[in-house]
Amino acid sequence: MSKQPLLQKLKIGEIELNNRVVMAPMTRSRAANPDKVPFDIHVEYYRQRASAGLIIAEGSQISTKAVGYINTPGIYSKVQVEGWKAVTKAVHEEGGKIFLQLWHVGRMSHPDFHNGELPHAPSAINPYSKSFTPSGFKETVTPKEMSLDEIKQTILDYKNAAKNAMEAGFDGVEIHSSNGYLLHQFFSRTSNIRMDEYGGSKENRAKILFEVIDAIKEVMPEEKIGLRLNPSLHNIFGMTLDEETIPTFDYIIEKLNDYNLAYLHLSEPFNDVSDVPHAVEKIAHRYRPMYKGVLIINANFDQEKGNQYILEGLADAVAYGKLFISNPDLVERFEQDAPLAEWDDATFYTPGEKGYTDYPKLKKAKA
Ligand SMILES: Cc1cc2nc3c(=O)[nH]c(=O)nc-3n(C[C@H](O)[C@H](O)[C@H](O)COP(=O)(O)O)c2cc1C
């Protein structure tokens with residue numbers, strides 16, 4: 001009997017995924033402890049979702065400077081590595097695979113996270129957005145333009161974080177170069193007006209990304225490195241599209257063909273960009289033919305659309321975000337064409353188990 005495309009196996013590098021239903025990386029702000037260490041509830045949350053073909057665990061800051069949201073876990077210290085070890089062990093015991101998303105928010109932060117010092121960014125341009133601080137949402141500020149030494153240090157921080165992720169037992173890492181955070185800030189002319197080798201041309205604006213990949217390659221195999229891009233992000237997290245946007249992402253994605261990465265993870269536009277100049281409306285349609293490796297597609301997919309995209313060759317796998325929050329057994333539900341539970345966005349970022357580990361699986365839901 002032929003299976004739904006979403007339920008077919010997929011090889012990424014040396015790893016075989018049991019299916020093509022990927023859990024998208026999602027910040028849940030549950031590491032409510034001074035050292036920002038994942039603990040028991042993280043273990044339980046990810047264990048519950050281990051039937052995903054691949055879990056991409058939440059954005060985890062690569063250094064103290066990389067943070068911009070309350071209670072997000074890190075991957076720069078020994079205790080954090082120990083915390084993550086219990087998570088990867090649990091997922092592996094259930095037969096799952098798990099990558100960790102490496103995160104630096106850049107200017108999407110606030111001095112409250114940095115002992116009053118300014119967040120780092122490619123250029124001193126305020127995103128005019130909000131940062132989720134320990135004392136609530138605060139307006140972002142004008143960040144500090146990173147010096148060349150600070151850029152070098154940040155690249156080393158990515159490398160160290162990747163090394164830590166390997167030590168913690170992850171099957172790979174995903175570089176978070178998406179959603180208006182640090183690396184995405186380098187790509188865009190609206191956030192990067194540098195005059196040095198990291199600004200100006202599209203090659204210069206993308207340079208840091210390739211330096212990060214090259215640095216991480218020194219500590220782990222290329223085929224365990226994934227990467228996320230959101231080319232049509234507009235009017236969200238301080239990003240706006242301009243006439244350089246499409247040529248820049250075309251350049252990046254074509255150049256990624258020089259590498260043998262685990263995958264490229266792309267998001268379709270988060271909002272309606274049909275009237276926005278310089279926007280790619282259909283990301284998979286444009287970039288599937290351009291990118292030669294494994295392509296994961298995301299944003300607002302349901303079961304039917306996911307199956308359709310794989311069947312049509314527009315993507316190899318589909319990442320589901322919010323559906324995985326409320327359906328820990330999303331794969332089993334797809335297998336059975338079962339109804340899906342609704343998520344409650346009031347508990348996306350609240351501490352504790354509520355709205356985190358208490359969404360029931362199908363059998364219990366029926367009972
Ligand atoms: C609560 C929440 C937290 C998120 N955190 C992250 C994150 O840490 N890293 C990231 O790349 N995207 C993050 N996203 C975006 C999701 O990965 C995904 O792109 C988005 O939810 C759209 O997919 P969906 O329609 O399947 O939910 C987050 C989304 C949500 C709802």
Side-chain angles (χ1 to χ4, degrees), residues 6 20-31 36 38 42 45-46 49 52-62 66-75 98-106 108-109 130-132 137 161 165 173-185 226-234 236-237 239 263-272 283-284 296-306 309 315 317-328 330-331 333-334 340-351 354-357 359:
L6 277 169
R20 294 159 185 246
V21 183
V22 174
M23 179 175 166
M26 281 178 293
T27 293
R28 304 301 312 278
S29 289
R30 256 58 178 198
K36 306 299 166 226
H42 297 80
Y45 171 73
Y46 285 112
R49 287 155 182 79
L54 175 67
I55 292 173
I56 307 166
E58 65 208 84
S60 299
Q61 56 269 14
I62 59 165
V67 69
Y69 293 79
I70 188 176
N71 296 333
T72 54
I75 185 66
I98 181 165
F99 275 40
L100 182 66
Q101 194 184 44
L102 305 183
W103 196 21
H104 191 311
V105 304
M108 291 295 296
S109 187
K130 302 237 188 269
S131 174
F132 185 23
F137 279 104
V173 297
E174 176 175 288
I175 300 168
H176 195 352
S177 36
S178 184
N179 297 354
Y181 297 113
L182 182 74
L183 298 172
H184 197 167
Q185 291 158 26
L227 187 150
R228 191 174 214 204
L229 297 170
N230 191 341
S232 291
L233 190 73
H234 183 66
I236 300 176
F237 302 142
M239 300 313 287
Y263 61 79
L264 170 62
H265 184 180
L266 295 176
S267 295
E268 295 287 345
F270 277 4
N271 48 11
D272 180 7
I283 292 291
I296 303 176
I297 195 72
N298 165 251
N300 299 311
F301 277 73
D302 59 14
Q303 180 183 0
E304 191 188 344
K305 192 174 167 195
Y309 265 54
V318 181
Y320 293 89
K322 296 180 289 294
L323 281 177
F324 255 115
I325 290 181
S326 49
N327 299 274
L330 188 62
V331 173
R333 291 188 196 228
F334 283 176
L340 302 178
E342 293 282 316
W343 59 81
D344 175 12
D345 54 15
T347 51
F348 277 0
Y349 308 107
T350 47
K354 192 169 181 322
Y356 192 54
T357 51
Y359 285 103

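Computation of the quantities below employed the complete heavy-atom set of this structure, encompassing side-chain atoms and omitting hydrogens, waters and symmetry-equivalent molecules. For reference, positions follow the sequence shown, starting with 1. Whatever order the structure lists ligands and atoms in, that order sets their numbers, starting from 1.
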Backbone or side chain, does any N or O of [X] fall under 3.5 Å from an N or O of ligand 1?
X	value
Phe301	no
Leu323	no
Glu174	no
Ser267	no
Asn300	yes
His176	yes

Is it the side chain, the backbone, both or neither of [X] that has a heavy atom closer than 4.0 Å to ligand 1?
X	value
Asn179	side chain
Trp103	neither
Asn298	side chain

Check: Is the gap between the ring centers of Phe270 and Phe237 under 6.0 Å?
Finding: no
Notebook entry, point to check: What is the ring orientation for Tyr45 with Tyr356, classed by angle as parallel under 30°, tilted 30 to 60°, or perpendicular over 60°?
Noted result: parallel
Check: Angle class for the Phe132/Phe137 ring planes (parallel below 30°, perpendicular above 60°, tilted otherwise)?
Finding: parallel
Check: How long is the gap from OH on Tyr263 to CD1 on Ile56, to the nearest 0.5 Å?
Finding: 3.5 Å
Less than 4.0 Å is my threshold; does some heavy atom of [X] fall inside it relative to ligand 1?
X	result
Tyr349	yes
Ser178	no
Tyr320	yes

Checklist line | Residues, nucleotides or ligands: over 12 heavy atoms within 6.0 Å of Lys354 NZ | finding: no
